[in-house]
Amino acid sequence: MNASIASVDLPADSRIRSAYRTTHLADAFCVPLPPGTSTDPEALARYLFAHPAPWLDGLMAVRDALVTGFGIKTSGQLRGADPARHDERISIFKIYERHADEIIMGEDDKHLDFRVSVFVRRQNTPASSAEPTHEAVVTTVVHCHNLLGRTYLALITPFHKLVVRAGLRRAAAANDWPRARPAR
């Protein structure tokens with residue numbers, strides 16, 4: 001599948017819109033879902049975050065080395081957070097909310113808090129289409145607590161956008177999306 005990854009407005013019906021009173025970053029990217037793909041947001045989030053760009057590990061290692069001296073959580077600390085509660089995390093993200101059309105994940109730290117949403121919505125399709133089509137919208141919102149948070153965010157924002165787009169492209173290219181369960 002040659003899916004186009006598009007930058008979009010934050011979904012109007014997404015609960016992530018009200019995550020913070022003030023945001024210092026808010027962006028959203030969507031990827032069309034092939035017919036027959038599950039519309040379960042948690043299954044989609046697990047799939048999407050399982051396809052990081054190959055260079056992401058190196059980028060995260062540099063990030064972790066730079067933030068350690070500031071007391072900011074490293075990716076290793078986040079991944080290793082309470083392994084007995086694997087079902088409460090997706091990759092480095094803690095799950096905060098589960099809904100039929102959206103899952104909200106994120107993390108809180110001393111410098112900033114962020115939330116990531118995978119929101120599933122119907123696409124506008126021609127009346128001739130036999131099956132409705134859907135898209136997954138990955139939204140990130142960030143609230144900074146202090147100068148360290150604002151500085152950190154300014155440094156990572158260009159990388160954040162590259163990471164999200166690359167991950168969505170890789171997931172679409174892998175084309176082994178979780179399948180919808182057959183209707184009973």
Side-chain angles (χ1 to χ4, degrees), residues 1-17 19 23 25-63 75 78-79 86-107 114-142 156-183:
M1 175 180 174
N2 188 10
S4 75
I5 309 307
S7 176
V8 296
D9 292 334
L10 273 63
D13 297 339
S14 172
R15 292 157 196 87
I16 202 169
R17 292 178 69 91
T23 58
L25 170 80
D27 62 22
F29 298 91
C30 73
V31 59
L33 300 176
T37 299
S38 173
T39 56
D40 172 38
E42 184 167 346
L44 291 170
R46 290 188 185 282
Y47 174 74
L48 290 169
F49 293 112
H51 291 85
W55 43 264
L56 183 58
D57 285 340
L59 186 61
M60 290 303 286
V62 170
R63 177 238 178 240
S75 59
L78 297 173
R79 275 192 195 92
H86 168 73
D87 61 329
E88 294 303 315
R89 294 192 85 76
I90 297 176
S91 183
I92 62 171
F93 309 118
K94 177 181 175 184
I95 298 172
Y96 283 91
E97 297 179 39
R98 289 177 170 100
H99 303 279
D101 59 352
E102 182 173 32
I103 186 166
I104 298 175
M105 306 154 290
E107 195 63 49
F114 72 92
R115 297 294 181 268
V116 176
S117 160
V118 174
F119 182 74
V120 180
R121 65 181 178 190
R122 280 180 91 136
Q123 289 183 293
N124 294 329
T125 57
S128 62
S129 177
E131 183 178 343
T133 59
H134 294 84
E135 62 188 359
V137 182
V138 177
T139 303
T140 306
V141 294
V142 179
I156 64 116
T157 295
F159 299 105
H160 158 77
K161 292 175 186 288
L162 287 172
V163 167
V164 174
R165 284 182 183 270
L168 292 175
R169 262 191 228 102
R170 286 180 57 80
N175 200 23
D176 58 350
W177 295 91
R179 304 305 299 164
R181 295 181 187 220

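Keep in mind that this is a model prediction, so the values were computed, not measured.
Residues forming a side chain to side chain donor-acceptor pair (under 3.5 Å) with Tyr47 (at least two apart in sequence, or on another chain): Asp176. Under the side chain to side chain donor-acceptor pair (under 3.5 Å) criterion, Ser117 pairs with Glu102, not counting sequence neighbours. In this view, Glu135 and Arg121 satisfy the salt bridge (Lys or Arg N to Asp or Glu O under 4.0 Å) rule, not counting sequence neighbours. Residues forming a side chain to side chain contact (heavy atoms under 4.5 Å, CB included) with Pro41 (at least two apart in sequence, or on another chain): Ile103, Val120. Scanning for side chain to side chain contact (heavy atoms under 4.5 Å, CB included) contacts around Arg179 gives Thr37, with sequence neighbours left out. Residues that satisfy the side chain to side chain contact (heavy atoms under 4.5 Å, CB included) test with Ala6, not counting sequence neighbours, are Val8, Cys30. Considering only residues two or more places apart in sequence or on other chains, Asp40 meets the salt bridge (Lys or Arg N to Asp or Glu O under 4.0 Å) condition with none of them.
Remark: Asp9 CG to Thr139 OG1 distance equals 10.0 Å, nearest 0.5 Å. Note that CD1 of Ile5 is 8.5 Å distant from CZ of Arg165, once rounded to the nearest 0.5 Å. Atom CG of Leu10 sits about 8.0 Å away from atom OG1 of Thr23, to the nearest 0.5 Å. The structure places NZ of Lys94 at 13.5 Å from CE of Met105, a figure rounded to the nearest 0.5 Å. Ile16 contributes atom CD1, which lies 10.0 Å from atom CZ of Phe114 (distance to the nearest 0.5 angstrom). Interatomic distance, NE2 of His134 versus CG of Leu44, reported as 10.5 Å (0.5 Å rounding).
In this structure, Val118 and Ile90 have side chains that are not in contact, with every pair of non-hydrogen atoms separated by 4.5 Å or more. Counting heavy atoms from C-beta on, the side chains of Val31 and Trp177 come closer than 4.5 Å. The closest side-chain heavy-atom distance from Val142 to His160 is not below 4.5 Å. At least one side-chain heavy atom of Asn175 sits under 4.5 Å from a side-chain heavy atom of Pro34.
Counting all heavy atoms, side chain and backbone alike, Ser38 lies closest to Leu33 at O-CD1, 4.1 Å. For Ser91 against Phe49, the heavy-atom pair with the smallest separation is CB-CB, 4.2 Å. Heavy atoms only, all atoms of each residue included: Ala43 and Pro178 are closest at O-CG, 3.8 Å.
Checked by atom type and distance alone, the side chain of Arg115 never pairs as donor or acceptor with a backbone atom of Val141 at under 3.5 Å. Side-chain atoms of Arg89 come within 3.5 Å of backbone atoms of Ile92 as a donor-acceptor pair (strictly under, hydrogens ignored).
Within the structure, side chain to side chain donor-acceptor pair (under 3.5 Å) contacts touching residues 53-63 (residues at least two apart or in different chains) are Arg63-Tyr152. Applying the salt bridge (charged side-chain N to carboxylate O under 4.0 Å, His left out) rule to pairs touching residues 26-36 yields Asp27-Lys161, sequence neighbours excluded.
The existence of a salt bridge linking Asp101 and Arg15 is confirmed by a sub-4.0 Å separation between a basic side-chain nitrogen and an acidic carboxylate oxygen.
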